[in-house]
Amino acid sequence: MIFPLQSIRQAGSYIAVSLLGAVIVAAMIGPADLPPAGVILIGAFAGSSVLLHMALPARCVIDLERADEKAPVLAELAHQIARLGYRSAQQIDGNQRLFHPSLPAVLRWDENCIVIQSEERRLVIKGPHAALKMLHARLVKRLPMPS
């Protein structure tokens with residue numbers, strides 16, 4: 001993805017955080033040794049772009065051998081997602097569950113939510129790249145793998 005901004009709200013938040021970071025850096029350096037404003041702004045936007053990369057969308061699929069495996073796997077998923085700092089927000093419909101980051105609404109992006117879609121013998125997890133990568137690492141350690 002060449003342009004990682006996924007919404008207007010995310011773009012506004014990203015710009016505000018980057019500008020605040022630039023002001024803080026400028027204040028820490030002091031007026032005597034201050035480099036040109038462009039250098040500070042480029043550094044601030046480059047540094048905060050890590051947040052955009054972490055929020056890029058990703059998808060993970062868990063195929064189950066039997067439908068009766070779904071309940072314990074869903075319970076483990078919910079537990080591990082909670083350990084990542086998410087809270088269960090709502091059941092979207094009978095087949096989807098939404099998790100929000102445990103941050104005040106002002107500080108969180110909707111792009112950082114995790115959704116678990118439940119099918120008969122498959123679970124599809126959608127969410128930010130960084131969170132799904134950590135979730136995958138935890139699940140590999142906790143869930144039994146087919147031989």
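FYI, the numbering just counts along the sequence from 1. Not measured: the values here are computed from a predicted model.
- Tyr86 contributes a side-chain N or O that, together with a main-chain N or O of Asn112, makes up a donor-acceptor pair within less than 3.5 Å.
- Here the CG-CD distance, from Leu123 to Glu120, works out to 12.0 Å after rounding to the nearest 0.5 Å.
- Side-chain contact between Ser118 and Lys70: present, with at least one pair of heavy atoms (C-beta onward) separated by less than 4.5 Å.
- The side-chain contact (heavy atoms from CB on, under 4.5 Å) check on Asp63 picks up Val61, Arg122, with sequence neighbours excluded.
- Across every non-hydrogen atom of Ile114 and Pro128, the tightest pair is CG1-CD, 4.1 Å.
- Residues Leu77 and Ile62 form a side-chain contact, since some pair of their non-hydrogen atoms from C-beta on lies under 4.5 Å apart.
- Using a 4.5 Å cut-off on side-chain heavy atoms (C-beta onward), Leu98 and His100 make contact.
- To the nearest 0.5 Å, the span separating CZ on Phe99 from CD1 on Ile81 amounts to 4.5 Å.
- Applying the side-chain contact (heavy atoms from CB on, under 4.5 Å) test to Lys126 and every residue at least two apart in sequence or in another chain returns Arg59, Gln117, Val124.
- In this structure the side chain of Leu84 reaches within 4.5 angstrom of the side chain of Arg138, judged on heavy atoms.
- Inter-residue side-chain proximity for Pro101 and Cys113 is flagged as met; some heavy-atom pair is nearer than 4.5 Å.
- Within a 6.0 Å radius of NE2 in His79, more than 12 heavy atoms belonging to other residues, nucleotides or ligands are found.
- Atom NE2 of His136 is separated from atom CD of Gln80 by 13.0 Å, given to the nearest 0.5 angstrom.
- A heavy-atom distance below 4.5 Å is found between the side chains of Arg97 and Ser88.
- Judged by distance alone, with hydrogens and angles left aside, the side-chain atoms of Glu69 form a donor-acceptor pair with the main-chain N or O of Arg66 at under 3.5 Å.
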